[in-house]
Chemist: 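Sharing a structure here in structure tokens format.
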Amino acid sequence: MNALPSPAVALQIHPASAWPAALSVQVTLAVVGSEAGPGLLLSYQLQGPASELACLHIPAAETPGPADGLWQSTCFELFVARQDQVAYREFNFSPSGRWACYAFSRERERTPADACPRAPEMPSAEWLPSPAPAQMVWVPAVLLPERPWQIGLSAVLAHRDGRLAYLALQHPKDRPDFHDRRGWTLQPELPPFPAHR
């Protein structure tokens with residue numbers, strides 16, 4: 001596997017979050033080539049006091065596969081669109097190993113032909129609890145729009161008592177709204193995907 005990472009970017013907590021988590025999330029992206037084909041590798045790394053990390057609810061491991069409603073607990077998200085197009089994709093990844101993939105024709109309007117990808121072109125998520133907690137995410141290139149990209153990165157962190165914290169690159173509204181493209185401030189300059197042998 002050949003990875004060429006981008007500089008890490010930090011997610012900011014929304015002030016209206018029910019849980020004012022003293023945790024930060026740093027995200028790196030990398031163009032990757034592997035036996036499974038080219039894709040995008042993301043690492044969501046959590047940082048903060050051990051006492052605060054101990055309050056984080058981590059969903060139990062499940063059989064990897066698609067699932068809805070992952071944002072209701074701890075999960076990590078990717079929004080990606082071609083810069084000159086209204087349509088976009090949303091990906092959700094849970095530490096449980098479950099994931100979601102959605103296609104939108106415009107803001108919050110799912111496309112009628114939206115369907116879950118099938119093996120071997122499925123995304124994946126792996127939770128690494130130590131030495132520092134991190135969510136590793138793999139998105140096959142075939143699921144991504146053409147470049148140049150406009151990217152939104154976000155996370156939902158759940159407290160053990162059920163309170164949620166909402167983090168994103170930027171929060172344009174007074175309530176959390178990850179679909180607002182004004183918050184998709186990342187336009188990474190990444191190398192082309194390597195050719196698949």
Chemist: Apply side chain to side chain contact (heavy atoms under 4.5 Å, CB included) to Thr28 and Leu42, showing your working.
Modeler: CA-CA 6 Å; Thr28 58; Leu42 296 94; over 6 Å; no

Chemist: Look at the aromatic rings of His159 and Trp19 and report parallel, tilted or perpendicular, splitting at 30° and 60°.
Modeler: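 Because their plane-to-plane angle is over 60°, the rings of His159 and Trp19 count as perpendicular.
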
Chemist: With a 4.5 Å cut-off on side-chain heavy atoms, are His14 and Lys173 touching?
Modeler: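 No, side chains not in contact.
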
Chemist: With distance as the sole test, does Gln170 use its side chain to make a donor-acceptor pair with the main-chain N or O of Thr185 at under 3.5 Å?
Modeler: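 Answer holds: no.
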
Chemist: Indicate the atoms forming the closest heavy-atom contact of Arg181 with Val86, along with that distance.
Modeler: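 Smallest heavy-atom distance, with atoms named: NH1-O, 3.0 Å.
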
Chemist: I want to check something: taking the side chain as every heavy atom from C-beta on, are Val31 and Pro192 in contact at a cut-off of under 4.5 Å?
Modeler: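 Heavy-atom side-chain distance check fails, nothing below 4.5 Å.
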
Chemist: May I ask you to check whether Phe178 and Trp71 place their ring centers less than 6.0 Å from one another?
Modeler: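 Ring centres of Trp71 and Phe178 not closer than 6.0 Å.
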
Chemist: Walk me through it: do Phe91 and Leu143 pass the test side chain to side chain contact (heavy atoms under 4.5 Å, CB included)?
Modeler: CA-CA 10 Å; Phe91 300 88; Leu143 300 181; 4.1 Å; yes

Chemist: Let me see the working for Leu186 and Val27 under side chain to side chain contact (heavy atoms under 4.5 Å, CB included), right down to the final yes or no.
Modeler: CA-CA 11 Å; Leu186 187 61; Val27 189; over 6 Å; no

Chemist: Kindly give the heavy-atom pair with the smallest separation between Ala10 and Gln26, and that separation in Å.
Modeler: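 Shortest heavy-atom separation between Ala10 and Gln26 comes out as CB-NE2, 3.5 Å.
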
Chemist: Assess whether side chain to side chain contact (heavy atoms under 4.5 Å, CB included) is satisfied between Leu29 and Leu41, documenting all intermediate values.
Modeler: CA-CA 6 Å; Leu29 299 84; Leu41 182 68; over 6 Å; no

Chemist: Less than 4.5 Å apart, side chain to side chain, heavy atoms only: is that true for Pro64 and Ser124?
Modeler: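 A side-chain contact under 4.5 Å is absent here.
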
Chemist: Taking Gln12's backbone N and O only, do any of them form a donor-acceptor pair with His171's side chain (distance below 3.5 Å, no angle check)?
Modeler: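 It does hold such a pair.
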
Chemist: Measure from the ring center of Phe104 to the ring center of His179 and say whether it is less than 6.0 Å.
Modeler: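 Yes - the distance between ring centres of Phe104 and His179 falls below the 6.0 Å cut-off.
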
Chemist: Taking all non-hydrogen atoms of both residues, which atom of Ser94 and which atom of Leu70 are closest, and how far apart?
Modeler: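 So the two residues come closest at CB-CD2, 4.0 Å.
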
Chemist: If I compare all heavy atoms of Ser154 with all of Tyr44, which pair ends up nearest, and what's the gap?
Modeler: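 Reported closest heavy-atom pair: O-CE2, 3.9 Å.
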
Chemist: State, to 0.1 Å, how close Leu23 and Leu167 come at their nearest heavy-atom pair, and which atoms those are.
Modeler: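 Heavy atoms of Leu23 and Leu167 come nearest at O-CD2, 4.1 Å.
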
Chemist: Under 3.5 Å, side chain of Arg82 to main-chain N/O of Ala87, donor-acceptor pair present?
Modeler: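 No, Arg82 side chain to Ala87 backbone: no donor-acceptor pair under 3.5 Å.
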
Chemist: Would you sort out whether Arg108 and Asp177 count as a salt bridge (Lys or Arg N to Asp or Glu O under 4.0 Å), showing the intermediate values?
Modeler: CA-CA 11 Å; Arg108 294 187 180 277; Asp177 184 357; 2.7 Å; yes

Chemist: Using only atom types and a distance under 3.5 Å, with no angle test, would you say the side chain of Glu52 pairs donor to acceptor with the backbone of Ala22?
Modeler: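 Yes.
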
Chemist: Establish, for the pair Arg147 and Phe193, whether the NZ or CZ atom is under 6.0 angstrom from the six-membered ring centre and no further than 45 degrees off its axis.
Modeler: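 Pair Arg147/Phe193 counts as cation-pi.
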
Chemist: Hey, does the side chain of Ser17 reach the backbone of Tyr166 with a donor-acceptor pair shorter than 3.5 angstrom?
Modeler: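 Answer holds: yes.
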
Chemist: Please determine which of Tyr102, Trp184, Trp149 meets the ring-ring contact (aromatic ring centres under 6.0 Å, His included) test together with Tyr88.
Modeler: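 Filter result, single survivor: Trp184.
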
Chemist: Are Val137 and Leu78 side-chain neighbours, meaning at least one heavy-atom pair lies under 4.5 Å?
Modeler: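 With C-beta onward as the side chain, the pair stays apart.
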
Chemist: Looking only at non-hydrogen atoms, find the nearest pair between His57 and Ser73 and report the distance.
Modeler: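 Closest approach of His57 to Ser73: CD2-OG, 3.1 Å.
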
